[in-house]
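Have a look at the structure below before the remarks.
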Amino acid sequence: MIAARNNSETKKKLLKYVICFVICLAAVIVSCFIIGSATTVDARSTLSVGVDSGEADANSSTLDILFLLAILALIPSFLIMMTSFLRIVVSISFLRNALGTQTSPPNQVLVGIALFLSIFIMFPYLSQIKEEAYDPYQAGELTIEEAITETSVPLKTFMLKQVYETDLDLFLSLADSRGMVDAAQYDNQEKLTDLSVFVIVPAFITSELKRAFLIGFLLYVPFLIIDLVVSSTLMSMGMVMLPPTTISMPFKLMLFVLVDGWNLLFESLIMGFR
C-alpha cells in the first residue's frame, strides 16, 4: 500500500512538472512569435534593403560587423591576459585557500576586487590609450587600423615591463623557429615594442603566473605554520577526531586581521607592477 501510494504521488508530481513545462514552452513560443511578427512589420515599414546590389558601405559591411562582434567576444580575454588582472585574481585565490575559508569571499567578490585594482593600476596606460588612439580616432585623424596600432603600444609597454627576460627569449626563439618573426631584428630593448602581441602576450602570461604562484607560496607559509601548531597540539592532547582546520581557522583570521592583511596584500600587489 505504501509503495503504491508513493508511486501515485510520484506520478502526480511528474504530471505537474510536465504540464508546467508544456505551459512555459507554449508561452515562450507565443512570445517569440509575437516579437518576431512585430519586428517584421516594423522592418517592412522602415527598412529597404537591397540584397542583390553586390555593394557594401564601408561603415556597415558584413565583415566589419563580424569583426566587431569578434572583438567584443574577446574583450574578457584581453582583460584577463593583457592587464594586471591575472596576477591579482590568482594571488587572492591563493589567499582564500590558505585561510581555508572555502567560498568566502565568493568568486564574484574576488573578480570585482581584481577588476577595480586592475583599473587602478592600468589607469595611466588607459589614459595614454585615450589620448593617443581613441580621441584622434573620434576626431577622424586616425583610421581604425591606425587606432588599433596606437592602442597596442601602451599595452606592449606595460607587458614588457613585467615580463621576465627568460620568458620573452623563450617565446621569441620559438616564434623565430616557426618563421613568425626574425629574432635578430629585436636585439635592442627599444625595438621590442614593435614585436607582435602574439609573442609578447604568452611571455607576459607565463611571467604573471610565475609571480602569482610565488605570492601564493609566501601567503601559505604563515598559515601553514598555524596549521602545524594546531594539529600537533590536538594530537598531543589526544583529540585526534577533531579536525585541525576547525580550530586553526579562527587563529588564521585573527592573525590576518591583526597584521592588516588586506592592506599589505593590496599594497604589495600594486607596488609589484612596474
Side-chain angles (χ1 to χ4, degrees), residues 70-99 105 107 109-126 128-129 133 148-221 223-224 264-274:
I71 292 297
L72 291 177
L74 291 175
I75 284 177
S77 300
F78 293 156
L79 172 65
I80 294 173
M81 298 302 175
M82 298 177 66
T83 63
S84 57
F85 185 90
L86 177 61
R87 187 196 305 184
I88 295 172
V89 74
V90 174
S91 301
I92 300 176
S93 299
F94 274 124
L95 173 64
R96 183 177 66 178
N97 293 332
L99 287 172
N107 292 330
V109 175
L110 297 186
V111 171
I113 292 172
L115 177 62
F116 282 97
L117 287 180
S118 299
I119 294 174
F120 181 82
I121 294 170
M122 299 295 298
F123 185 78
Y125 300 95
L126 296 177
Q128 184 180 354
I129 291 173
I148 293 175
T149 303
E150 292 295 329
T151 301
S152 64
V153 173
L155 291 177
K156 288 180 181 179
T157 304
F158 169 76
M159 290 186 287
L160 288 172
K161 287 181 179 180
Q162 320 306 324
V163 71
Y164 288 125
E165 292 185 4
T166 55
D167 297 329
L168 185 60
D169 292 339
L170 170 64
F171 284 96
L172 187 59
S173 62
L174 291 175
D176 186 29
S177 64
R178 293 174 176 268
M180 297 172 59
V181 296
D182 185 8
Q185 297 179 357
Y186 302 100
D187 54 350
N188 192 354
Q189 190 72 21
E190 297 178 355
K191 296 181 180 179
L192 291 178
T193 53
D194 298 330
L195 193 61
S196 173
V197 292
F198 298 106
V199 179
I200 298 177
V201 172
F204 172 74
I205 293 172
T206 306
S207 300
E208 289 297 284
L209 287 176
K210 287 181 179 179
R211 287 191 175 94
F213 274 67
L214 179 60
I215 293 172
F217 169 75
L218 297 176
L219 289 172
Y220 259 97
V221 170
F223 301 119
L224 179 61
L264 289 176
L265 178 61
F266 291 160
E267 181 182 3
S268 301
L269 287 173
I270 293 172
M271 296 300 294
F273 289 96
R274 302 166 187 170

Review point. Going from OG on S93 to CG on L219, what distance comes out if it is rounded to the nearest 0.5 angstrom?
Key: 11.0 Å
Point to revise | Distance (rounded to the nearest 0.5 Å) between T83 OG1 and F158 CZ | key: 6.5 Å
Practice item. Please report the shortest heavy-atom distance between F266 and I92, naming the atom on each side. Key: CE2-CD1, 4.3 Å
Check your understanding: Heavy atoms, side chains only, cut-off 4.5 Å: are R96 and N107 in contact?
Key -> yes
Check your understanding: Can you tell me how far the NZ atom of K156 sits from the CG atom of L192, to the nearest 0.5 Å?
Key -> 10.5 Å
Check your understanding: With a 4.5 Å heavy-atom cut-off, do L195 and L168 have their side chains touching?
Key -> yes
Check your understanding: Heavy-atom distance under 4.5 Å between the side chains of V197 and F204, does that happen here?
Key -> no
Check your understanding: So do L117 and S84 actually touch side chain to side chain, heavy atoms under 4.5 Å?
Key -> no
Hey, can you pull the donor-acceptor pairs under 3.5 Å for the side chains in residues 267-274, sequence neighbours left out?
unit_1	atom_1	unit_2	atom_2	d
S268	OG	L264	O	2.8
R274	NH1	K161	O	2.9

Study note, to complete from the structure: Smallest heavy-atom separation, T151 atom then A133 atom, equals OG1-CB, 3.3 Å
Exercise for review: Step by step, work out the ring-ring contact (aromatic ring centres under 6.0 Å, His included) result for F213 and F94.
Suggested key: CA-CA 8 Å; F213 274 67; F94 274 124; 5.1 Å; yes
Point to revise | Between CZ on residue R87 and NZ on residue K210, distance to nearest 0.5 Å | key: 13.0 Å
Review point. Between OG of S207 and CG of L160, what distance do you get to the nearest 0.5 Å?
Key: 10.0 Å
Check your understanding: Any side-chain heavy-atom pair from V90 and E208 closer than 4.5 angstrom?
Key -> no
Review point. What pair of heavy atoms forms the shortest contact from V111 to F85, and how long is it?
Key: O-CE1, 3.7 Å
Practice item. Using only heavy-atom distances, determine whether the side chains of D167 and T206 contain a donor-acceptor pair under 3.5 Å. Key: no
Review point. Looking only at atom types and distance, does a side-chain atom of S173 sit under 3.5 Å from a main-chain N or O of L170, one as donor and one as acceptor?
Key: yes
Exercise for review: For residues Y125 and L155, determine if any side-chain heavy atom of one lies less than 4.5 Å from a side-chain heavy atom of the other.
Suggested key: no
Check your understanding: Heavy-atom distance under 4.5 Å between the side chains of I205 and L86, does that happen here?
Key -> yes
Point to revise | Separation between CE of M81 and CG of L74, rounded to the nearest 0.5 Å | key: 12.0 Å
Review point. Given the side-chain rings of F171 and F198, with only the six-membered ring counted for Trp, is the space between their centroids under 6.0 Å?
Key: no
Study note, to complete from the structure: For S152, the side-chain hydrogen bond (donor to acceptor under 3.5 Å, both in side chains) test, sequence neighbours excluded, returns none
Review point. What are the two closest heavy atoms between S118 and I88, and how far apart are they?
Key: OG-CD1, 3.9 Å
